[in-house]
Amino acid sequence: MSARRYTLKKNQPAASPSLAIEYQKELNEAQYAVATTLENPLLVIAGAGSGKTRTLIYRVARLIEAGVAPQSILLLTFTRKAAQEMLRRAAMLMDDRCEQVAGGTFHSVANLILRKYATSIGLDPSFTILDRSDSEDVINLLRTLLGLNERAKRFPKKQTISGIFSKTINKDLTLDEVVLRDYSHFADHLEDLHKLQVTYQQYKTQKALLDYDDLLVKLRDLLADDQSINRQLSDTYRYIMVDEYQDTNKIQAEIVRLLATSHHNVMVVGDDSQSIYSFRGAHFRNIMDFPQQFPSVQVFTLEENYRSTQPILNLANAVISQAEEKYPKRLFTRKSNGSVPALIQAEDERAQSRFVCQKILELREEGVPLHEMAVLFRSSFLSFDLEIELTRCDVPYIKRGGFKFMETAHVKDVLSHLRVVANPRDSVSWNRLLLLIEGIGPRTSQSIIAAVMNSITNSGHFLEGLKSYCKGSHYSTALQELYTLLEKLNEENTTLMPAEKMGWVCHYYLPLLKQRYDDYPKRIKDLEHLQTLAERYKETETLLSDLVLEPPNESVSDIVASDHEDERLILSTIHSAKGLEWHTVFILWALDGRLPSLHSFMSDEELEEERRLMYVAMTRAKENLFVTYPVKIFDRASGSVLSKPSRFIEDLDQNLLETWTLIEES
DNA sequence: AACAAGTTGTTTTTT
DNA sequence: ACAACTTGTT
């Protein structure tokens, strides 16, 4: 580990007295230095709540003020919502020019660039993007096709296989390395896994399908292999800013490096203590390797916290100070008073839920709005019991993270119809929509798909293949209806708006939905929500890629009806809480075996990541922090009883964390 | 016999 | 919600 160098630049004299924005007044010394250093590589280590977003916004404004064209600024963020929010705030600070700044996630930027340059790398520009479950479906299909699940020894499940393949790419390892290191119990299947991986790649290429990893890999390869395109893009984006750099992986770092070849104007912001995505190949060392890629880099550190009270910071600092490996950084604040965070032991899960719910109601009485309170947890399923309690007490909430709206079956069903029209070679979607029809199972579906693919190669028209199946069997009437729908969508492909097309699909799908699900009224609501989303789009292809890349992450059915739209409690996984803050934060299940999760006990590295997760959760709180855990929890997977509080907060001084016990009132 | 559909116990985090 | 297993249909 290289020693950290702090380079604090002396305050520059204010650029010009006529400027509307008074940077020096509105930013602290370090923030000001960052916002006004416009050229050359820049690394900013920004502690939690240190005004990182604010600094980025001011820097965007400063760049535009200095005459830089907004279109030549590229802002890479973790979610596209984050980018839009920043640009909106920058526009408020300055003017609408800020909205023209290019921004989004690595994946969404890759999507745009690849669609534009697809033909030059032999890619169909109307390629379909596979989300996680789509790519698992493909893998499952190929696994059966290769006869791998009939092996004597059990072959890994589709999720596991997909995880292995993804790790090879994101951690830049060979298949052998990944399997032997993390999945040694499947070492016997190495040869078959190799075969499957090759087949998977071929299948995707043949059907014009790209999974999340392909988007990044293809963009990197495009930039690395084609000098002239690299030049064009590098000249287009003259100023690059990357947020949450601690959660980027090697490929993303390479993309940044390649995009900056002609100018080196790159600024990356991050915090090694908040790196929580290593399962996706991110490594916090990435942030420290940055100076090696750009030797002329200037390094800044933001340590003053504007979010939390001192007692909360004291606790967070104590948790992170036990980290094996960390970079010296100590958050401080001027908000000195505030109450000491509380640790509450509950006798079981129900008691924990009841306590949290009751406390939330109390705080609401005291005037804390519901949307200023959040309940955070390690894994999505850990909030199930609390959700029941909240519903019982009529507390409206939204849940972020975990299962996504887009991943619900009925939404995917509807979209698959639009997808086959956009890319008829997309056999994943064909399979999905065919299986909906009664009487058609995996076998029949495969043979119909084969016929469709044949008709594409022979006549160039996919409907021919479907037609031949429309008579003579018990499912032919249903298939005829499907044919009519797809014919309509295809013939009026260019004249119909995306929302109109979706209307036709829903009309066709509604009877199937009602027959399939008992809870169809809820699902119909979801589809209506999808319809409203679609109305914002002019191009079906944009709609489809956006939905895969940036899925709306709250399901309508999760929302308990409420009169006041904004008055909703937030439930979130810690991962999805990144970058956010609330007046009051509850950390649920701070139980050893849940946070840290049992899965992480084997490796020190994973355990360290769990610690950072706890740190991230704590630093979301502005005023109040409650940490709770139930005892006597039996874990079926390990066969053990969990009763100890999280090792990260055990035996801490009462000054840092006050312990409380729940007394049941009769 | 081949295939479709219904039944029963486990589930990390996400672009 | 998924996979493995079981029952039902053509």
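On a predicted model such as this, the values are computed, not experimentally measured, just so you know. The figures here come from the full heavy-atom set of this structure, side chains too, leaving out hydrogens, waters and symmetry mates. Convention: sequence-line order gives letters A, B, ...; per-chain numbering from 1.
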Of all residues at least two apart in sequence or in a different chain, which pass the salt bridge (Lys or Arg N to Asp or Glu O under 4.0 Å) check with Glu349(A)? none
In chain order, what residues pass the salt bridge (Lys or Arg N to Asp or Glu O under 4.0 Å) check against Asp385(A), with sequence neighbours excluded? Arg350(A)
Checking Phe127(A) now: which residues fulfil ring pair (Phe, Tyr, Trp, His ring centres under 6.0 Å) with it, not counting sequence neighbours? none
When you check the phosphate oxygens OP1 and OP2 of dT15(B), does a side-chain N or O of Ser108(A) lie under 4.0 Å from one of them? no
Can you list the residues that meet the salt bridge (Lys or Arg N to Asp or Glu O under 4.0 Å) rule with Arg115(A), with sequence neighbours excluded? none
Non-neighbouring partners of Trp589(A) that pass ring pair (Phe, Tyr, Trp, His ring centres under 6.0 Å), sequence neighbours left out: none
I'd like to know whether CD of Glu438(A) has more than 12 heavy-atom contacts from other residues, nucleotides or ligands below 6.0 angstrom. no
Considering residues at least two apart in sequence or located in another chain, which fulfil the side-chain contact (heavy atoms from CB on, under 4.5 Å) criterion with Glu610(A)? Arg378(A), Leu595(A), Pro596(A), Ser597(A), Ser600(A), Leu613(A), Phe648(A)
OP1 or OP2 of dT14(B) less than 4.0 angstrom from a side-chain nitrogen or oxygen of Ser576(A), does that happen here? yes
With a 3.5 Å cut-off and sequence neighbours excluded, list the donor-acceptor pairs that the side chains of residues 442-449 of chain A form with protein atoms.
from      : atom 1 : to        : atom 2 : distance (Å)
Ser445(A) : OG     : Asn431(A) : OD1    : 2.5
Ser447(A) : OG     : Thr444(A) : O      : 3.0
Ser447(A) : OG     : Tyr469(A) : OH     : 3.4

Contact under 4.0 Å: Lys158(A) side-chain N or O vs dA3(C) OP1/OP2: yes
Pick out the pairs of N or O atoms, protein on one side and nucleotides 5-10 of chain C on the other, that lie under 3.5 Å.
none

Residues in salt bridge (Lys or Arg N to Asp or Glu O under 4.0 Å) contact with Arg220(A), at least two apart in sequence or another chain: Glu254(A)
Bracket string, DNA chain B, 5' to 3' - pairs by Watson-Crick or G-U geometry under 3.5 Å, | interstrand: ||||||||||.....
Tabulate protein N/O versus nucleotide N/O from nucleotides 2-7 of chain B, keeping only pairs under 3.5 Å, one per line.
from   : atom 1 : to        : atom 2 : distance (Å)
dA4(B) : OP1    : Gly441(A) : N      : 2.8
dA4(B) : OP1    : Thr444(A) : N      : 3.3
dA4(B) : OP1    : Thr444(A) : OG1    : 2.3
dA4(B) : OP2    : Pro442(A) : N      : 3.3
dA4(B) : OP2    : Arg443(A) : N      : 3.1
dA4(B) : O5'    : Gly441(A) : N      : 3.3
dA5(B) : OP1    : Gly439(A) : N      : 2.7

Residue pairs meeting salt bridge (charged side-chain N to carboxylate O under 4.0 Å, His left out), one or both in residues 585-600 of chain A, sequence neighbours left out, come to Asp592(A)-Arg647(A), Arg594(A)-Asp635(A)
